[in-house]
Colleague: 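This structure is in structure tokens; I'll ask about it shortly.
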Amino acid sequence: MRLSCIILNKSRLRDILVKLKHRPSHSFPSPAKQVMDEQNIVIIGAGIGGLSTALALQKFGFQPKVYERASLLGEIGAGIMLTPNAVKALCFLGLENALDHSAVEPVDSVYRRFDTAEEVLRSPLKDKMQAAYGARYFHVHRADLHKNLLDAVLAQDPSAIHVDHEFERLEQGPNSIKAWFASGASIEAALLIGCDGIHSRVRGALYGDENPRFTGQMAWRGMVPAQGLPDTVTEPVSVSWLGEHKHIIQYGVRDRQFINYVAIVATEEWTEEGWNRPADVDEVVSAFEGWHEDVLTLLKSTPEGNCYKWGLFDRDPLDHWTQGRVTLLGDAAHPMLPFMAQGSAMAIEDAVVLGRSLTSHSSIDTALAHYEKERRERTSLIVQKSRQATNLYQRLTGDKSEQRASNLDFLYGYDAATVSI
Ligand SMILES: Cc1cc2nc3c(=O)[nH]c(=O)nc-3n(C[C@H](O)[C@H](O)[C@H](O)COP(=O)(O)OP(=O)(O)OC[C@H]3O[C@@H](n4cnc5c(N)ncnc54)[C@H](O)[C@@H]3O)c2cc1C
């Protein structure tokens with residue numbers, strides 16, 4: 001009798017523990033959450049950063065609204081490398097299944113010499129990343145990642161996103177913000193998060209308009225159908241072709257039906273704006289004259305109308321991201337060179353940390369202070385490391401193994417879902 005009582009109590013206790021473990025983290029709202037439930041949280045920009053933020057906040061029971069200047073939601077036709085730190089944050093946001101369906105997992109990372117294709121380095125990704133860093137490494141089409149995030153946000157709240165809303169300016173009162181859009185419409189908010197990219201108007205409203213800094217690098221990108229390309233080009237790996245003052249990154253996306261490439265060259269000046277300037281395929285082919293025939297085959301196979309070029313810009317790290325109830329996230333806060341494939345990764349990590357901070361702290365001000373404290377140091381360092389990474393890709397001399405290894409632990413070891421805030 002006594003024994004069965006104990007057993008009953010043990011199993012009840014286990015039930016209670018299971019329930020507590022799986023209780024939604026918003027069951028006991030913090031004062032910060034109560035304040036914001038009564039008013040709006042506004043996110044400016046529906047890129048990868050804005051949508052990740054919306055999803056992170058929804059996960060904790062908030063109901064953010066996203067305002068995007070474009071009329072149609074979507075992303076450009078390019079690939080993105082999702083390193084384990086980004087994948088951990090996306091899994092925390094509930095996107096593990098979506099990644100399983102839309103992303104591909106490269107077997108190895110391979111560095112090749114530009115002219116002979118000699119393998120300078122081959123390191124495992126598929127067999128190593130999960131064990132070493134707690135998550136896999138993926139390649140994905142940007143449009144697919146964006147759609148996965150968008151679907152997840154709209155599944156929680158079909159009216160979460162407002163297109164055709166170009167943010168123009170804001171005014172802050174003691175506990176609220178008023179924001180105006182180009183149409184003349186305005187909204188009030190308890191918290192406004194600027195996720196509006198490298199040319200962020202929200203950042204301009206906080207810290208003044210200052211142009212991004214040209215990094216001395218420009219890029220072409222293309223998406224080439226894999227069918228018909230030689231096996232050496234379609235090997236299921238991530239390839240970095242290394243040259244002097246030039247490099248190319250190539251990898252497969254969408255079930256490896258396409259090979260995405262980014263071809264980057266050092267250049268002195270750049271005056272054109274935007275990501276979507278069409279380029280002639282001949283231009284990129286002649287910029288890489290003398291490179292290995294696999295490279296030239298890939299570049300020459302770019303379908304006409306599918307080659308684009310743009311200049312690479314970043315900004316010096318800011319001393320602060322937050323003023324009152326307005327903060328910055330993603331490229332609005334810390335645009336960086338793409339050499340370490342961390343721009344989106346940092347935006348997704350920011351989103352998870354901001355969501356966790358808002359639900360854990362007793363006031364919005366404290367939550368924003370903890371968010372900024374946790375994120376500013378890491379992202380500022382990655383802006384700097386991405387600048388230094390030029391020598392990893394565009395210099396053929398010197399041993400870079402130590403620099404590569406220390407970067408990996410620092411970048412991939414981070415887990416936005418568990419880091420102390
Ligand atoms: C060549 C290249 C390769 C890259 N590869 C990788 C990679 O492999 N891995 C990786 O993690 N990162 C990569 N990145 C970086 C990554 O693309 C960016 O860091 C990321 O897209 C930033 O997301 P975001 O949401 O902060 O900004 P954005 O993607 O710029 O989104 C900003 C959004 O805000 C909207 N907006 C702008 N102004 C306003 C306004 N006034 N009002 C309302 N809406 C507005 C825009 O229309 C847009 O939808 C790469 C970048 C480059 C250039």
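As the structure lists them, so they are numbered: ligands from 1, and atoms in each ligand from 1. Since we're looking at a predicted model, the values are computed, not measured. Positions are given from 1 along the sequence.
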Colleague: Specify the protein heavy atom at minimum distance from atom 42 (N) of ligand 1: its residue, its atom name, and the distance to 0.1 Å.
Modeller: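 I find the closest protein heavy atom is Phe167 N, 2.8 Å.
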
Colleague: Is the NZ or CZ atom of Lys128 both under 6.0 Å from the centre of the six-membered ring of Tyr412 and within 45° of that ring's axis?
Modeller: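 No, Lys128 does not lie over the aromatic ring of Tyr412.
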
Colleague: Specify the protein heavy atom at minimum distance from atom 12 (N) of ligand 1: its residue, its atom name, and the distance to 0.1 Å.
Modeller: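 Sorting protein heavy atoms by distance from atom 12 (N) of ligand 1 puts Ser344 N, 3.0 Å first.
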
Colleague: Nearest heavy atom to atom 35 (C) of ligand 1: which of Glu349, Arg69, Glu68, His334 does it belong to?
Modeller: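 Heavy atom nearest to atom 35 (C) of ligand 1 belongs to Glu68.
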
Colleague: So, taking the atom named CG in Asn40 and the one named CZ in Phe62, what distance separates them when rounded to the nearest 0.5 Å?
Modeller: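 Answer for the CG-CZ pair, Asn40 versus Phe62, is 13.0 Å.
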
Colleague: Taking ring pair (Phe, Tyr, Trp, His ring centres under 6.0 Å) as the criterion, tell me which of Phe114, Phe339, Trp241 meets it with His247.
Modeller: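 It is Phe339, the one option of Phe114, Phe339, Trp241 that forms the ring pair (Phe, Tyr, Trp, His ring centres under 6.0 Å) with His247.
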
Colleague: Should the proximity of Cys195 to ligand 1, defined as any heavy atom under 4.0 Å, be assigned to the side chain, the backbone, both, or neither?
Modeller: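 Backbone only.
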
Colleague: With heavy atoms under 4.0 Å as the rule, classify the contact between His165 and ligand 1 as side chain, backbone, both or neither.
Modeller: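 Backbone only.
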
Colleague: Say whether Gly49, considering both its backbone and side-chain N or O atoms, lies within less than 3.5 Å of an N or O atom on ligand 1.
Modeller: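 Between Gly49 and ligand 1 (N or O atoms, distance only) the closest approach is under 3.5 Å.
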
Colleague: Considering both backbone and side-chain atoms of Ala332, is one of its nitrogen or oxygen atoms within less than 3.5 Å of a nitrogen or oxygen in ligand 1?
Modeller: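 No, Ala332 has no N/O under 3.5 Å of an N/O on ligand 1.
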
Colleague: Look at the side chain of Glu283 and the backbone N and O of Trp220, then say whether any donor-acceptor pair between them is shorter than 3.5 Å.
Modeller: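 No, because the side chain of Glu283 does not come within donor-acceptor range (under 3.5 Å) of the backbone of Trp220.
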
Colleague: Any ion pair linking Arg325 and Asp365 (charged N to carboxylate O, less than 4.0 Å)?
Modeller: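 Yes.
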
Colleague: Would you say Arg136's side chain and Lys126's backbone share a donor-acceptor pair under 3.5 angstrom?
Modeller: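 No.
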
Colleague: Between Lys246 and Phe288, is NZ or CZ placed under 6.0 angstrom from the six-membered ring centre and within 45° of the ring axis?
Modeller: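 Verdict for Phe288: a cation-pi partner in Lys246.
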
Colleague: How far is atom 15 (C) of ligand 1 from its nearest protein heavy atom, and which residue and atom name does that atom have?
Modeller: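 Looking only at protein heavy atoms, the one closest to atom 15 (C) of ligand 1 is Gly343 CA, 3.6 Å.
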
Colleague: Flag Pro338 as yes when one of its N or O atoms lies below 3.5 Å from any N or O atom of ligand 1, and as no otherwise.
Modeller: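 No, since none of the N or O atoms of Pro338 sits under 3.5 Å from an N or O of ligand 1.
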
Colleague: Would you check the N or O atoms of Gly330, main chain and side chain alike, for any that come under 3.5 Å of an N or O of ligand 1?
Modeller: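 For ligand 1, there is no N or O atom that lies under 3.5 Å from one belonging to Gly330.
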
Colleague: Return yes or no for this condition: an N or O of Leu312 is under 3.5 Å from an N or O of ligand 1.
Modeller: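 Such a contact does not occur with ligand 1.
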
Colleague: Would you check if the side chain of Thr302 reaches a backbone N or O of Val281 as a donor-acceptor pair within less than 3.5 Å?
Modeller: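 Not a single qualifying donor-acceptor pair exists.
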
Colleague: Could you work out, for atom 6 (C) of ligand 1, the closest of Ile80, Asp164, Ile264, Leu337 by heavy-atom distance?
Modeller: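 Closest candidate by heavy-atom distance is Ile80.
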
Colleague: Tell me if a side-chain donor or acceptor on Gln58 pairs with a main-chain N or O of Val153 at a distance below 3.5 Å.
Modeller: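 Side chain of Gln58 to backbone of Val153, a donor-acceptor pair under 3.5 Å: yes, one is there.
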
Colleague: Taking the six-membered ring of Phe92 as reference, does the cationic atom of Lys59 (NZ for Lys, CZ for Arg) lie under 6.0 Å from its centre and within 45° of its axis?
Modeller: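 Cation-pi check for Lys59 and Phe92: passes.
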
Colleague: Could you tell me whether a side-chain N or O of Arg378 sits under 3.5 Å from a main-chain N or O of Met346, the two making a donor and an acceptor?
Modeller: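 The answer is no, because no donor-acceptor pair under 3.5 Å joins these two groups.
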
Colleague: Looking at ligand 1, does any of its N/O atoms fall within less than 3.5 Å of an N/O of Arg142?
Modeller: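 Between Arg142 and ligand 1, an N or O pair is found under 3.5 Å apart.
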
Colleague: May I ask you to check if ligand 1 and Trp310 share an N or O to N or O distance below 3.5 Å?
Modeller: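 N/O-N/O distance under 3.5 Å: no.
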
Colleague: What residue and atom, counting heavy atoms only, is the protein's closest point to atom 30 (O) of ligand 1, and at what distance?
Modeller: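 Closest protein heavy atom to atom 30 (O) of ligand 1: Gly197 CA, 3.6 Å.
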
Colleague: Classify the contact between Met81 and ligand 1 as side chain, backbone, both or neither, using a heavy-atom distance cut-off of under 4.0 Å.
Modeller: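 Answer for Met81: both.
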
Colleague: List every atom of ligand 1 that sits less than 4.0 Å from any heavy atom of Tyr67, numbering the atoms from 1 in the order shown and giving each element.
Modeller: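 Close to Tyr67: 43 (C), 44 (N).
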
Colleague: Could an N or O of ligand 1 be found under 3.5 Å from any N or O of Ile44, whether backbone or side chain?
Modeller: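 By distance alone, the answer is no.
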
